[in-house]
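A short write-up of the structure that comes next.
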Amino acid sequence: MQAFTAVFNWEFRRFLRHRNDLMQPLVFFLLVVTLLSLAVGPDEVIFKRIAPSAAWVAVVLAITLRLDNLFSEDYRDGTLEQISLSNTPLALVVGAKMLAHWLGLALPQIFSALLFMFAIGTDSAVNLTLGGALFFGTPCLIAVGAIASALTLGTRGAGTLIALLAIPLYLPVLIFGSSAATNAQAGLPVDAELYFLAGLSVLAITLSPIACAASIRARLAV
Amino acid sequence: MSLLSRITKFASPAPFYDLAEHVIPWCWIIFYCSLLAGLVGGLVFAPADYQQGESFRIIYVHVPSAWMSLFVYMCMASAGIGSLIWKTKVSDAFGRAVAPLGASFTFIALVTGALWGKPMWGTYWVWDARLTSELILLFLYLGYMALQNAIEDARGAARAGAILAIVGTVNIPIIHYSVEWWNTLHQGPTVTKFDTPSIHWTMLLPLLAMVIAFTAYFFALGLRRTQTELLAMEPRNKWVEERLAI
């Protein structure tokens with residue numbers, strides 16, 4: 001437990017100290033959303049309809065591009081190797097890192113998504129549903145992305161490779177999250193989608209640290 | 001030699017290589033015979049469908065490739081488990097070797113499905129559960145191959161690929177049960193279900209023959225590719241020199 005809180009504090013403090021790590025993903029979210037909005041064109045009706053999906057795509061991309069931050073710095077300076085040699089279970093350390101990154105990377109994205117939807121003027125029920133879907137879905141994104149990040153430690157072109165590995169595994173989350181928002185827009189119930197997202201997240205959070213630890217050991221043993 | 005060690009000796013490169021040399025010609029023979037039976041039965045003897053007419057016959061390529069895409073992925077994941085637990089060279093080589101074959105089967109299934117969908121459903125593609133999950137399977141194969149190519153060390157690449165293959169196994173039941181769990185455009189299960197098949201035997205037998213043909217083809221090519229991977233893994237070893245001298 002001490003090790004968990006220690007690693008979490010250390011990792012989270014890194015977010016607070018390097019403002020770049022906090023701000024850049026938010027600016028990236030804004031850029032992607034602007035890109036999609038301008039690509040759709042001036043038709044406001046169509047835009048309001050796809051706005052939740054645009055928010056989802058922007059969140060997924062922002063998280064995917066930042067995933068190599070999770071392990072690569074510690075891998076390069078040898079910290080990860082030292083941690084893997086110590087008594088602490090590597091899965092526990094991975095879990096602490098994932099929690100810190102969810103708070104530092106995903107939670108601000110959720111807030112900016114809600115801000116974006118508020119600025120567009122969509123229905124508050126839709127905004128709430130989108131916020132809930134993102135809240136339940138982003139832990140799965142971070143957890144699954146962590147596996148992709150751990151598998152590509154030390155390889156050339158790791159950035160795009162992480163995206164190639166992670167995004168196919170993200171698609172179920174994206175499908176359920178997007179359909180939650182779409183159902184909310186149509187006035188249909190969204191319980192099923194939110195339950196599925198929560199279930200996927202719980203599954204990912206429990207199993208991913210083990211897979212990450214195995215991947216890190218595999219990459220360290222080179 | 002005990003029975004177990006008679007089986008497990010094939011986890012090392014040289015005995016596996018020699019076993020594959022014996023097995024591959026039989027695989028080709030089975031392939032050609034069942035291909036002939038399947039094509040003649042399916043294209044000539046099977047009656048035309050009452051709804052779809054003659055164009056249903058693409059089923060004899062589409063369904064076997066789809067089944068093979070799932071089967072090859074399970075083979076890859078099993079090889080991955082072997083690589084992680086027992087660290088055998090043969091499982092490393094096998095996983096690496098069959099990935100492109102599986103990706104090709106998935107691609108063929110998607111393309112033949114699209115060609116079949118245009119006259120039947122009026123569209124080449126629709127984002128329903130089965131098509132989307134099969135597309136995800138293609139991405140998983142491509143990601144697996146990309147990961148293995150990105151890591152230079154063969155053992156490290158095999159371990160990383162093994163973990164990826166095992167993580168992606170969750171997609172296989174999703175693909176299989178997608179037509180039962182969701183309201184999809186793709187038709188429901190007709191053969192692999194706990195009931196008599198809802199397809200007439202005159203159409204079913206050529207289909208099974210084509211499945212046997214595709215499986216034999218996969219094993220013939222897969223074993224040959226595994227042999228090549230094993231040769232490439234240890235180029236300066238004595239057993240390689242002996243085999244290549246022949």
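For clarity, every value in this text was computed on a predicted model and none was experimentally measured. In what follows, chains carry the letters A, B, and so on, assigned in the order in which the sequence lines appear, proteins first and then strands, with residues in each chain numbered from 1.
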*Give the minimum heavy-atom separation between A:A211 and B:V167, together with the two atoms involved.*
CB-CG2, 4.3 Å
*Counting only heavy atoms not in B:F107, do more than 12 fall under 6.0 Å of its CZ?*
no
_If you count every heavy atom of other residues, nucleotides or ligands that lies below 6.0 Å from B:W86 atom CH2, does the total exceed 12?_
no
*Non-hydrogen atoms of chain B under 4.5 Å away: do they reach the side chain of A:I175, the backbone, both or neither?*
side chain
_Euclidean distance, B:I163 CD1 relative to A:R217 CZ, rounded to 0.5 Å_ = 11.0 Å
*asked:* Can you confirm whether B:Y60 is buried at OH, in the sense that more than 12 heavy atoms of other residues, nucleotides or ligands lie under 6.0 Å from that atom?
replied: yes
*For residues B:A150 and A:L161, report the shortest heavy-atom separation together with the two atoms involved.*
CB-CD2, 3.6 Å
*Heavy-atom pairs under 4.5 Å with chain A are the metric here; pick the option from B:A160, B:A157, B:A158 that has the most.*
B:A160
*Can A:L169 and B:L140 be said to form a side-chain contact (heavy atoms from CB on, under 4.5 Å), step by step?*
CA-CA 8 Å; A:L169 297 168; B:L140 286 173; 4.0 Å; yes
*How long is the span from the CG atom in B:N149 to the CZ atom in A:R156, to the nearest 0.5 Å?*
11.0 Å
*Measure distances from B:T132 to the heavy atoms of chain A and classify the residue's part below 4.5 Å as side chain, backbone, both or neither.*
side chain
*Just wondering, are more than 12 heavy atoms of other shown residues or ligands nearer than 6.0 Å to CZ in A:R49?*
no
*More than 12 foreign heavy atoms under 6.0 Å from CD of A:E44: is that the case here?*
no
*Closest non-hydrogen atom pair, A:A221 against B:R159*: CB-NH1, 3.5 Å
*Within a reach of under 6.0 Å around CZ of A:F135, are more than 12 heavy atoms found that belong to other residues, nucleotides or ligands?*
no
_Which heavy atom of B:L142 sits nearest to which heavy atom of A:L164, and what is that distance?_
O-CD2, 4.4 Å
_Within 6.0 Å of OH in B:Y17, more than 12 heavy atoms from elsewhere_ = yes
*Looking only at non-hydrogen atoms, find the nearest pair between B:I136 and A:P168 and report the distance.*
CG2-O, 3.5 Å
